[in-house]
Every structure is written in C-alpha cells, then in structure tokens.
Amino acid sequence: MSRKNANSESQKGSLREFTGLSVFLGILLAIIFGAANAYLGLRVGLTVSASIPAAVISMGIVRQVLRRDSILENNMVQTIGSAGESLAAGAIFTLPAAFLWESEWGESYISFWNIFFLTAIGGVLGVIFMIPLRRALIVKEDGTLPYPEGTACAEVLKAGEEGGASAKTVFKALGLSVVYKFLSNGLKIFPEGVSYGINTKYFAGTAVGFDALPSLMGVGYIVGPKISAYMLAGAALAWLVLMPLLNMIGGADIQGLSPSEIWGSYIRYMGAGAVATGGIISLVKSIPMIVSSFKESMKSLMNKEASSNSERTDRDLSFKVSLPIIIVCIVLILLMRSIPFGIIGTILIIVFSFFFATVSARMVGIIGSSNNPVSGMTIATLLVSTLVLKNMGIIGHKGMIAAIAVGTVVCVVAAISGDVSQDLKTGFIVGATPSLQQVGEIIGVISSALAIGGVMWLLNTSIGFGTQELPAPQATLMKLIIEGVMSGNLPWNLVIIGVFIAVMAELLGVSVLPFAIGLYLPINTSAGIMFGGAVRYVVDHLKKDPKEKEAATTSGTLFSAGLIAGEGITGILLAVFAIIPIGAGTLADVLDISSKFQFPQEVSVIIYVLLALLIFSVVYKNFSKKKSE
C-alpha cells in the first residue's frame with residue numbers, strides 16, 4: 001500500500017484521535033515507560049525505545065479489550081506514551097552527576113522542582129523545535145530517511161487495523177522476541193553479548209563480537225544493508241585499527257587495559273568528536289530545507305485563509321502558539337535562581353537545543369531512536385558550554401552545576417526531538433493530524449517530567465547513584481568531562497582526531513553520521529545490526545519485480561517490527577522486576593539462574609543466526625505467496 005493511499009484510507013475511516021481515553025492511556029504509559037527506563041538506564045547506561053511497545057499495548061487495550069476501532073486513537077496513545085522513555089534518557093544521562101557532586105561537596109543544588117523544570121523545558125523545546133522541521137524531514141525526505149522505528153510503528157498499527165496475516169506476522173515475531181528476551185535477559189540462560197578477545201602477539205588490545213538482541217536484528221533489517229555497513233565500518237575503524245594501534249604504541253599503561261577500558265578511555269572521546277562533526281555537517285546540508293520549511297510556516301501564519309484551509313494531515317501547531325511557549329521556557333530558565341544560568345547559559349541552551357534538535361531528528365531517521373547517540377551530542381554540548389562558562393568566570397561548584405544543567409536541557413531536547421520525529425513519521429504514514437500529535441507530545445513530556453523527578457529522588461535516596469546497583473555510567477562520564485574541562489585535563493587531542501576522522505569520511509563520500517555513530521558505539525552494537533542488514537540485502541536481491549520486492553520487504557518489516565516491540569516490552573517489564581524487592585534481593589535476582597546454569601556464548605551465536613534465517617524464511621514464504629497469486 002502506498003503512503004498516499006494509507007493516508008487517504010485513514011481519513012475516510014474514523015477520525016477519533018485526540019480523545020480522553022487516548023490521553024489517559026498515553027499519560028499512564030509515559031509514566032510507566034519513563035520510570036522503568038530511568039532505572040534501566042541508570043543501571044546499564046541504555047534505554048529501550050517505547051514507541052512500538054506503546055503502539056502494541058494501545059492496540060491490545062483500545063482494539064481488543066475496549067473494541068474501539070480507530071488507528072488514529074491508537075497512534076495518539078503511542079505518541080504520548082513514548083515521550084516518557086525519551087525524557088528519561090535525557091535526565092539519567094546527566095542529572096545523576098549533580099547528585100554525585102552533592103555527596104562530595106556536602107552542598108545541595110538540585111531539588112525535585114529543578115529536575116521537573118529542567119526536563120519539562122527540554123522536552124517542550126524538543127517538541128516545538130521539530131515543528132518547522134517536520135515538512136523538511138518527514139514529508140519532503142519521505143523515502144530518503146527511513147525512520148526505522150516510526151515506520152515499524154506504523155506497520156504495527158496498520159497490521160492491527162487490517163488484521164489477518166499482517167497482524168499475525170507482527171504478533172508472532174513479538175511473541176518470539178518476548179520469549180527470546182526473557183530467556184536471555186530474565187532467566188539469563190544464554191548470554192546476550194558475544195565477545196572474543198584478541199590477544200595474539202601481533203594483534204592485541206581489542207575484541208570482536210556482537211549483541212545478540214532481537215531489536216538490533218529488526219533495526220538492521222529496517223535501515224537496510226548500506227546504513228548497517230556504514231555503522232560497521234566506523235566500528236571496524238575503532239576496534240580493528242585504532243585500538244590495536246593504541247595498544248601497540250601506547251606502552252605498558254595502555255597494554256594493561258582491557259578492550260572496553262581502551263574504548264572508554266580513548267575511542268569514546270574520538271567518537272564524540274566525530275558525532276559532533278557529523279552533526280555540524282548534517283546541519284549545514286539541511287540549511288536549505290530548514291529555510292524553506294520556515295518560509296512555508298511563515299506564509300501559512302500570514303495567510304490565515306490558506307492556513308485554515310490546509311489539509312488536516314499537514315497542519316502543525318501555529319507559530320502563535322509555539323512562539324509564546326518558547327518565550328515562557330526562556331523566562332523559566334532565567335528565573336531558576338538555584339541554578340546560575342544567566343544570559344550566557346540561556347543562550348547556550350537555545351542555540352545548542354535547536355542545533356541538536358535538527359541533528360537528532362535527522363539522525364534517528366537513519367538509525368532509529370534506540371541507537372541515537374544522545375550522550376555523544378551531550379558530550380559535545382558540555383565541552384563547549386563548560387569552556388564558555390569557564391572563560392566567562394563562572395567556575396567552581398556553580399560553574400559545574402550550570403554546565404550539567406545546560407547539558408540536561410540539551411540532552412532532553414535531543415532525545416525528545418528524535419522521539420517526536422519518529423512519532424510524526426508514524427502519523428504521516430497512517431494519516432494522523434500533526435498538530436494534535438504535537439500537543440500530545442507536550443502532554444506526555446510534562447506528565448513524565450513529574451514522574452522522573454520522583455523516581456530519581458527515590459532511587460538516589462534508597463540505593464544511591466554511583467553504586468554497583470546504580471552506576472549511572474553515562475552521567476559519570478559527563479561528570480568527568482566537566483571536571484576535566486574546568487581543571488584543564490580533558491584529552492582535546494582525542495576529540496580533534498575524531499573531528500578529522502569525520503571530515504575524512506565526508507570527503508570520501510561516506511555517509512558521515514552512521515559512520516561516526518559506528519565509531520562512537522561499541523562494535524557489538526553495529527555488528528548485531530549488520531546481521532539484519534545482511535538479511536535485507538539478500539531479500540532485496542531475490543527478485544527485481546517491484547511488486548514482488550515490495551511484498552517481500554513489507555513482510556520482513558512487519559516481522560522486524562514485532563521483534564523490536566517484543567524486546568522493548570520485555571525489557572521494560574524486566575526493569576520493573578529489578579525494583580520489586582523479594583527477600584534480600586529483587587524479583588529480577590530470583591529469576592536469574594545464570595549462577596546455576598548458563599549456555600556458553602557459542603549457543604547465542606547459533607540462536608542469533610537461526611533468528612536471521614527465520615526472518616528470511618518468513619519473507620520468502622510471503623514472497624512465494626505473492627508469486628502464486
């Protein structure tokens with residue numbers, strides 16, 4: 001089904017969209033996903049995308065339980081619900097650093113209301129800054145930017161609407177992914193990560209492997225072989241060239257480090273420089289589209305009749321609404337007396353927020369929200385912001401708190417703008433109303449901001465950040481960066497090397513963003529995605545007939561969407577298990593049987609390969625059906 005037909009069919013059906021039920025369910029899911037992902041991210045440094053899980057849960061409640069028939073209402077639930085996960089990512093990657101400083105300094109700078117306002121302001125700005133970008137990125141580049149999770153989410157919603165074989169494909173994959181994730185991460189019967197250290201005489205200091213996760217397989221299939229290969233190329237440069245080189249010439253200090261320590265101490269800084277440079281290049285390339293989109297928005301604002309007569313599916317929030325919201329956000333930032341932003345800090349927030357909103361929105365169009373390197377963009381923000389604040393004389397404790405607060409708002413903006421762009425892509429495919437989705441996003445942001453503040457205070461009080469149970473790895477890195485800049489000990493040479501690696505990739509005609517992301521992320525992530533990309537490559541070369549190729553690709557996309565949804569739902573459920581106390585531990589500890597029995601990682605390799613073959617068999621089966629029709 002074409003995009004145009006999908007939109008027109010949605011408009012002919014029920015237009016029930018922004019309802020009391022969709023708002024209530026959306027807020028509930030935003031709070032649940034936000035709280036669960038806050039804990040998950042503080043524990044392992046990663047969050048689980050909530051868009052597709054929210055869509056699946058919405059379908060189950062709205063369509064199956066309540067028997068309400070409206071794809072637009074389901075879409076609104078997932079739009080509001082997914083905001084919680086993105087806002088949680090922005091908060092947990094930065095704010096725990098302030099709590100760690102408080103324990104070291106014995107001074108209190110961050111309150112519950114500080115957390116609420118910082119995250120809510122960042123979330124609202126992330127939504128507003130996406131408004132002038134929607135036509136440029138979602139509409140004009142439809143077919144160029146895949147927006148994997150947004151597209152997959154739309155397929156899930158359409159499959160539920162159409163029923164029959166399409167829905168079965170999604171839910172079979174979802175059920176398989178739930179079982180897979182529960183066995184690997186719940187019971188821990190087999191490891192999710194496969195890694196082999198390389199300790200030969202002539203090639204040491206690195207490791208190879210992949211994360212055997214259903215979601216990575218699904219993302220790889222959706223983004224396709226080219227993007228997957230660019231990411232793996234960046235990872236290969238880092239892990240198979242730079243890390244062995246550092247080990248060879250670095251002397252005893254580096255040779256005594258493990259591969260993960262070399263990556264964390266050296267490569268990650270290079271990756272941050274590369275991602276920041278890739279973002280700048282992306283922004284420069286996007287300037288014509290951004291300017292054109294702004295012009296169209298201004299024309300719509302000035303021409304009231306044209307604006308009122310515009311199609312429902314192409315109607316954004318008016319500038320008369322969005323501009324006052326931006327002004328209110330700026331005023332609130334200036335009024336936060338406990339955090340010394342001042343005019344300089346406020347300017348840094350607005351400039352970096354708009355910049356990285358644009359970068360993040362385009363970036364997730366390539367690799368999806370789950371692999372969006374928000375922390376890389378935050379690192380770039382902190383590097384510049386801390387330097388500016390230091391040179392302006394805002395130093396010491398106040399300077400560090402101001403820097404992390406700037407980073408928090410920008411981090412939330414980047415995370416939310418990526419989520420919003422995915423949701424708008426879903427809405428574009430199913431025929432939703434953009435302005436209503438934008439209102440829904442704001443509602444989801446504010447409700448989840450209230451929940452995140454409480455969750456962070458609870459976790460810090462009951463467990464404590466920086467402990468073995470809640471190491472808060474991303475926030476710890478942000479803390480070290482700010483301290484390094486303030487003290488003058490940051491390894492700028494590594495950051496600059498990353499800058500020129502990205503420039504080199506652009507000069508060679510390589511798509512710099514996925515390449516830089518591959519450089520920044522562990523090789524296990526890129527390698528896991530490449531499995532799905534390889535399956536897609538084979539599928540794309542099965543037949544050249546357009547109709548047969550579309551049928552094969554669609555069935556694979558549906559199955560991949562189910563894999564992503566299943567892992568997302570199970571990951572969030574397991575995160576909840578991890579905070580339910582039982583005896584001296586938690587429910588997650590009770591489920592974990594790895595200390596008694598666990599298959600070796602070779603079994604994980606076999607299972608992941610079988611999963612790749614299963615996707616191919618599903619696609620080939622649907623291809624054969626299409627051929628016989």
Side-chain angles (χ1 to χ4, degrees), residues 41-46 93 184-185 188 190-213 216 231-275 371 373 375-376 379 465-481 483-484 489-491 493-495 497-498 501 516-530 592 594-595 598-605 608:
L42 289 166
R43 190 169 187 177
V44 302
L46 294 172
F93 286 175
S184 63
N185 192 243
K188 297 188 183 337
F190 58 91
E192 288 187 330
V194 176
S195 182
Y196 295 95
I198 301 176
N199 296 310
T200 63
K201 179 180 179 181
Y202 301 105
F203 197 78
T206 189
V208 293
F210 61 89
D211 289 333
L213 301 175
L216 295 185
M231 290 186 64
L232 187 58
L237 174 64
W239 287 74
L240 301 180
V241 178
L242 297 176
M243 286 171 58
L245 180 63
L246 286 169
N247 183 78
M248 182 180 70
I249 66 177
D253 290 340
I254 292 182
Q255 290 173 359
L257 299 177
S258 67
S260 61
E261 289 172 332
I262 295 175
W263 174 79
S265 300
Y266 298 93
I267 302 301
R268 202 169 191 179
Y269 289 103
M270 298 182 193
V275 170
N371 300 293
S375 57
I379 289 171
F465 300 140
T467 61
Q468 184 176 355
E469 292 82 3
L470 290 176
Q474 302 283 10
T476 301
L477 175 63
M478 307 304 172
K479 173 177 177 286
L480 293 176
I481 287 173
E483 292 173 345
N489 295 325
L490 190 73
N493 53 341
L494 298 176
V495 176
I497 288 172
I501 288 176
I517 293 165
L519 180 68
Y520 176 76
L521 295 174
I523 192 173
N524 287 26
T525 302
S526 298
I529 291 174
M530 191 67 236
D592 183 359
S594 58
S595 60
Q598 186 180 52
F599 286 109
Q601 61 181 14
E602 286 74 20
V603 172
S604 300
V605 176
Y608 205 57

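FYI, side chains are in, hydrogens and waters are out, and symmetry mates aren't considered; it's all heavy atoms of this structure.
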Output every pair passing salt bridge (Lys or Arg N to Asp or Glu O under 4.0 Å) with a member in residues 470-481, not counting sequence neighbours, ordered by first then second residue.
-> E104-K479, K479-E483
If you look at every heavy atom in I254 and L246, which pair is closest and at what distance?
-> CG2-O, 3.6 Å
Taking only residues two or more places apart in sequence, or in another chain, which ones meet S184 in a side chain to side chain donor-acceptor pair (under 3.5 Å)?
-> E192
Check: T206 and I523 side chains under 4.5 Å, non-hydrogen atoms | no
With sequence neighbours left out, what residues match V241 under side-chain contact (heavy atoms from CB on, under 4.5 Å)?
-> L237
Can you check side chain to side chain contact (heavy atoms under 4.5 Å, CB included) on L240 and V208, steps first, answer last?
-> CA-CA 8 Å; L240 301 180; V208 293; 3.7 Å; yes
State, to 0.1 Å, how close P191 and S604 come at their nearest heavy-atom pair, and which atoms those are.
-> O-OG, 2.6 Å
Test side chain to side chain contact (heavy atoms under 4.5 Å, CB included) on L242 and I501 and set out the steps.
-> CA-CA 11 Å; L242 297 176; I501 288 176; 4.0 Å; yes
Salt bridge (Lys or Arg N to Asp or Glu O under 4.0 Å) with E261: which residues, sequence neighbours excluded?
-> none
Interatomic distance, CG@L216 vs CG@N524, rounded to 0.5 Å, equals 9.5 Å
Qualifying residues under side-chain contact (heavy atoms from CB on, under 4.5 Å), relative to M530, sequence neighbours excluded = S228, A229, L232
Do I481 and Y269 touch side chain to side chain, with heavy atoms closer than 4.5 Å?
-> yes
Which residues share a side-chain contact (heavy atoms from CB on, under 4.5 Å) with A238, sequence neighbours left out = I267, L519
Under the side chain to side chain donor-acceptor pair (under 3.5 Å) test, residues paired with D592 that sit two or more places apart | S594
Looking at S526 and M231, what are the two nearest heavy atoms and their distance?
-> OG-O, 3.6 Å
What closest approach, in Å, do L521 and W239 show between heavy atoms, and which atom pair accounts for it?
-> O-NE1, 4.1 Å
Taken in chain and number order and not counting sequence neighbours, the residues that satisfy side chain to side chain donor-acceptor pair (under 3.5 Å) with S195 are none
For residues M270 and V495, determine if any side-chain heavy atom of one lies less than 4.5 Å from a side-chain heavy atom of the other.
-> no
Test ring pair (Phe, Tyr, Trp, His ring centres under 6.0 Å) applied to F210 - qualifying residues, sequence neighbours left out | F531, Y608
Identify, with sequence neighbours excluded, every residue that meets ring pair (Phe, Tyr, Trp, His ring centres under 6.0 Å) alongside F203.
-> none
Of all heavy-atom pairs between Q255 and M248, which one has the smallest distance, and what is that distance?
-> NE2-O, 4.0 Å
Could you tell me which non-hydrogen atom of Q601 sits nearest to which non-hydrogen atom of G193, and how far apart they are?
-> OE1-O, 3.9 Å
